[in-house]
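Before any comments, here is the structure.
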Amino acid sequence: MQRHGARRIGSQIEMGVKRSHPFCSATSLPWHHELSKDHQIFRHLLEACKLSSDIRTATETHTRIIRFGYGTHPSLVASLISAYAHCDRLNLAYKVVDQVFNWTVNLVALNKTLHSFIKSRDSELARKVFDKMPDRDVVTWNSMIGGYVDNGRFEEALRLFTMMLTSNVVPDKFTFASVMPGCAKLGSLPLAQWLHQLMIDMRIEVNYILVAAMIDMYSKCGGIEAAKSIFERVQRDDVSIWNSMINGLAIHGFALDAIAVFSKMDFEDITPDAITFLGVLSACSHSGLVKEGRHYFNLMKSRYSIEPQHEHYGSFVDLLGRAGLLEEAYAVITSMPIEPDVIVWRAYLSACRTHKNPKMGEVAIAHISRLRSGDYVLLSNTYCSQQQWDNAQRVREMMKKHGVSKKKGISWFEWGGRFHRFKSGDRSHPETEPIYKVLGGLIERAKAEGFVPKRELVMMDVSEEEKEENLCYHSEKLALAFGILKTGPGTEIRISKNLRICDDCHNWFSLVSRMLNRVILVRDRIRFHRFEGGLCSCGDYW
DNA sequence: ATAGGGTTAG
């Protein structure tokens with residue numbers, strides 16, 4: 001079988017060299033020896049192909065390697081795969097794997113190979129390589145888990161992590177540094193606590209990377225108290241630890257605390273960096289602290305000599321725009337020393353939507369070259385906010401013409417160790433009947449309390465979660481109903497959503513928190529909302 | 001050979 005595979009690859013690249021079967025002689029060579037000095041040239045050649053994405057030279061080199069009988073040398077195989085993967089020829093890379101895996105004994109080379117597949121962002125193929133590996137050490141597991149996290153496959157990463165725990169390989173600090181960001185993305189507090197406890201039980205030596213990751217994880221999982229207490233207890237000798245804390249406070253809407261932490265850096269002799277300021281600016285932005293935001297934006301350059309990057313300008317424009325200072329925001333954009341990019345224009349576009357200015361929204365749109373679904377949605381919503389239905393219709397047609405579809409809104413609630421996901425108007429959950437019954441009851445009660453759905457949003461055909469059923473069955477409402485169904489009175493309900501919570505749902509959640517006298521914590525795409533007694537921690541400013 | 005914090009909009 002392997003011979004057949006070898007011939008297939010060979011025939012693509014041999015270019016007339018057909019004297020002997022390349023792999024026959026290859027297998028008998030002693031691969032535990034280092035590559036001879038003469039043959040090191042192949043490695044350098046492949047390295048060059050990789051850097052210049054030169055697939056032609058790569059295949060030619062491959063041919064030569066086979067001809068010289070080095071077709072299965074672990075170090076060359078790793079280089080070949082890495083070069084192919086880099087040239088976006090994963091199929092060729094995988095063929096090499098298929099042919100030589102059983103001969104290759106050098107685990108370091110195998111791990112390098114796996115890494116090539118992971119870096120090429122095809123986690124399915126990487127997993128196939130992982131499964132094929134005759135031997136796996138801690139690096140193997142760590143790479144694969146990290147690969148899943150990098151590719152947004154967080155649950156898969158956690159699943160692999162639990163598999164690792166039952167294997168004969170013991171997790172190390174690298175494992176946790178990979179798995180914690182995955183947990184942060186999922187937003188599961190129970191998982192975060194479990195990982196934390198595991199690290200203690202396994203006596204993982206914590207360094208600043210792990211501390212920063214842990215503070216970040218707790219913050220993003222809604223455990224801001226735990227994040228704060230860790231921050232208080234540890235040695236805070238690296239800026240990333242401070243960044244995690246500042247950003248954590250920012251996403252929970254504790255802008256003043258974030259600023260307080262920032263001020264404390266001075267006393268502990270930690271110099272803020274570009275990321276610190278992103279955290280501080282976003283804290284100000286989401287709490288409407290315009291004056292403070294301006295101050296810190298200027299401070300980064302004047303005192304710390306940090307030149308603001310696109311992200312900083314984006315955040316600053318967001319801060320001004322959110323507060324309704326559209327003209328000042330525009331002036332900032334036009335006087336930027338660097339070319340404004342889509343980040344900045346999208347922030348501005350969003351402000352135009354918030355403050356119902358379709359005219360300037362069009363200006364922003366004109367500066368965004370490759371429009372994404374969200375851009376159309378924003379523009380259309382801006383028109384709708386001014387009752388310009390014709391224009392909104394035009395945008396809708398543009399979307400259709402360009403084959404752009406809206407990004408699906410998904411909300412989830414963790415229950416029984418599983419993530420129960422809901423789409424808008426979803427009826428696929430096994431407990432759909434009781435969920436809709438709970439939701440229906442709540443809607444009735446809300447109506448009785450005088451709750452009026454936002455007409456503006458109902459009218460919008462391009463609303464992000466538009467459905468025949470209208471906004472009553474938005475994903476976050478379904479997730480909430482499920483949470484109410486599953487938990488006892490008085491307990492806090494935590495919900496996550498991949499988009500921003502919609503205006504109508506935000507009002508409705510406030511009301512429900514008062515009606516049921518329960519705390520509801522919603523993590524949307526960029527921040528937390530804590531509803532209690534009819535009020536939200538964001539102060540309806542988001 | 002594997003690791004952290006930020007990254008517009010909806």
Side-chain angles (χ1 to χ4, degrees), chain A residues 78 82 106-116 118-119 137-147 149-150 171-181 184 206-217 219-220 238-248 250-251 272-282 285 309-318 321 340-354 361 364-365 368 371-382 404 406-409 462-466 497-502 524-526:
Chain A
S82 159
N106 184 338
L107 195 49
V108 172
L110 282 184
N111 283 336
K112 268 189 179 171
T113 302
L114 177 65
H115 189 64
S116 297
I118 287 168
K119 280 247 279 284
D137 66 1
V138 66
V139 175
T140 319
W141 285 93
N142 292 350
S143 299
M144 193 62 234
I145 290 170
V149 173
D150 288 344
D172 63 3
K173 55 187 175 180
F174 288 84
T175 320
F176 285 97
S178 293
V179 86
M180 282 196 286
V206 284
N207 53 24
Y208 73 94
I209 292 177
L210 291 176
V211 169
M214 200 184 280
I215 290 172
D216 181 60
M217 172 177 73
S219 303
K220 287 179 178 160
D238 189 273
V239 65
S240 56
I241 295 173
W242 294 77
N243 290 351
S244 287
M245 191 69 254
I246 289 172
N247 190 52
I251 60 179
D273 65 7
I275 291 165
T276 316
F277 284 98
L278 279 178
V280 173
L281 285 172
S282 92
S285 179
Q309 294 306 300
H310 286 113
E311 288 82 1
H312 298 101
Y313 279 101
S315 200
F316 191 44
V317 166
D318 185 59
D341 69 347
V342 286
I343 296 180
V344 179
W345 285 115
R346 284 200 168 107
Y348 185 69
L349 175 61
S350 162
C352 293
R353 182 339 316 200
T354 310
I365 275 279
I368 303 173
L371 293 173
R372 293 200 216 158
S373 66
D375 303 325
Y376 291 102
V377 173
L378 270 180
L379 184 63
S380 168
N381 289 2
T382 313
V404 182
K406 286 161 290 171
K407 183 162 174 182
K408 292 263 184 298
V462 201
S463 144
E464 61 177 75
E465 286 190 11
E466 155 243 359
K497 179 171 178 169
N498 68 335
L499 301 175
R500 300 227 65 191
I501 186 170
C502 99
D524 78 8
R525 193 174 53 78
I526 63 169

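Below, chain A is the first sequence line, B the second, and so on; all start at residue 1.
Here dT8(B) presents its P atom at 18 Å from CZ of Phe316(A), a figure rounded to the nearest Å. Distance, Ile209(A) CD1 to dG5(B) P: 10 Å, rounded to whole Å. Taking atom CE of residue Met245(A) and atom P of nucleotide dG6(B), one finds them 12 Å apart after rounding to whole Å. Rounded to whole Å, atom C1' of dT2(B) lies 13 Å from atom CG of Leu210(A). Remark: P of dA9(B) and CZ of Arg500(A) are 7 Å apart, rounded to the nearest angstrom. Regarding Leu281(A), its CG atom lies at a distance of 13 Å from the P atom of dT8(B), rounded to whole Å. Nucleotide dA9(B) holds its C1' atom 21 Å from the OH atom of Tyr313(A), rounded to whole Å. In this structure, CD1 of Ile365(A) is placed 12 Å from P of dG10(B), rounded to the nearest angstrom.
Of the listed nucleotides (dA3(B), dG6(B), dA9(B)), dG6(B) has the atom at the smallest distance from the side chain of Ile275(A). Nearest to the side chain of Glu311(A), among dA3(B), dT8(B), dT7(B), sits dT7(B). When each of dT2(B), dA9(B), dG5(B) is scored by its nearest atom to the side-chain atoms of Asp216(A), the top-ranked nucleotide is dG5(B). Proximity note for Asn111(A) (side chain, C-beta onward) versus dA9(B), dA1(B), dG5(B): the nearest is dA1(B). The nucleotide whose nearest atom lies closest to any side-chain atom of Ile343(A) is, among dT8(B), dG10(B), dA3(B), dT8(B). Which of dG5(B), dG6(B), dT8(B) sits closest to the side chain of Val239(A) comes down to dG5(B). For Ala212(A), whose side chain is taken as the heavy atoms from C-beta onward, the closest listed nucleotide among dG5(B), dG6(B), dA9(B) is dG5(B). Checked against dT2(B), dA9(B), dG6(B), the side chain of Asn247(A) finds its nearest nucleotide in dG6(B). Here dA9(B) is the nucleotide among dG5(B), dA9(B), dG10(B) with the atom lying nearest to any side-chain atom of Ile526(A). Listed nucleotides dA1(B), dG10(B), dG6(B) differ in distance to Ser373(A); the shortest reach to its side chain belongs to dG10(B).
Listed for the His312(A) side chain is a donor-acceptor partner under 3.5 Å among the backbone atoms of Ala274(A).
Of all non-hydrogen atoms in Leu114(A) and Ser143(A), the two that sit nearest each other are CD2-CB, 4.1 Å.
At least one side-chain heavy atom of Phe176(A) sits less than 4.5 Å from a side-chain heavy atom of Leu210(A). Leu371(A) has its side chain within reach of Tyr376(A): a pair of non-hydrogen atoms, C-beta onward, lies under 4.5 Å apart.
Put simply, the side chain of Arg525(A) and the base of dG10(B) share a donor and an acceptor less than 3.5 Å apart. Counting atom types as modelled, Asp172(A) pairs no side-chain N or O with a base atom of dA3(B) as donor and acceptor under 3.5 Å.
One finds no side-chain N or O of Ser315(A) lying less than 4.0 angstrom from the OP1 or OP2 phosphate oxygen of dG6(B).
Using a 3.5 Å distance cut-off with no hydrogens or angles, the side chains of Ser315(A) and Asp318(A) do not pair a donor with an acceptor. For Asp137(A) and Asn111(A), the side-chain atoms include at least one donor-acceptor pair closer than 3.5 Å.
The residue Val344(A) sits apart from the nucleic acid: no heavy atom pair falls under 4.0 Å. Residue Asp273(A) is in base contact, counting any heavy-atom pair closer than 4.0 Å across all strands shown. Counting any heavy atom pair closer than 4.0 Å across all strands shown, Leu349(A) reaches no nucleic acid atom. Lys220(A) comes within 4.0 angstrom of the backbone, heavy atoms only, and of no base.
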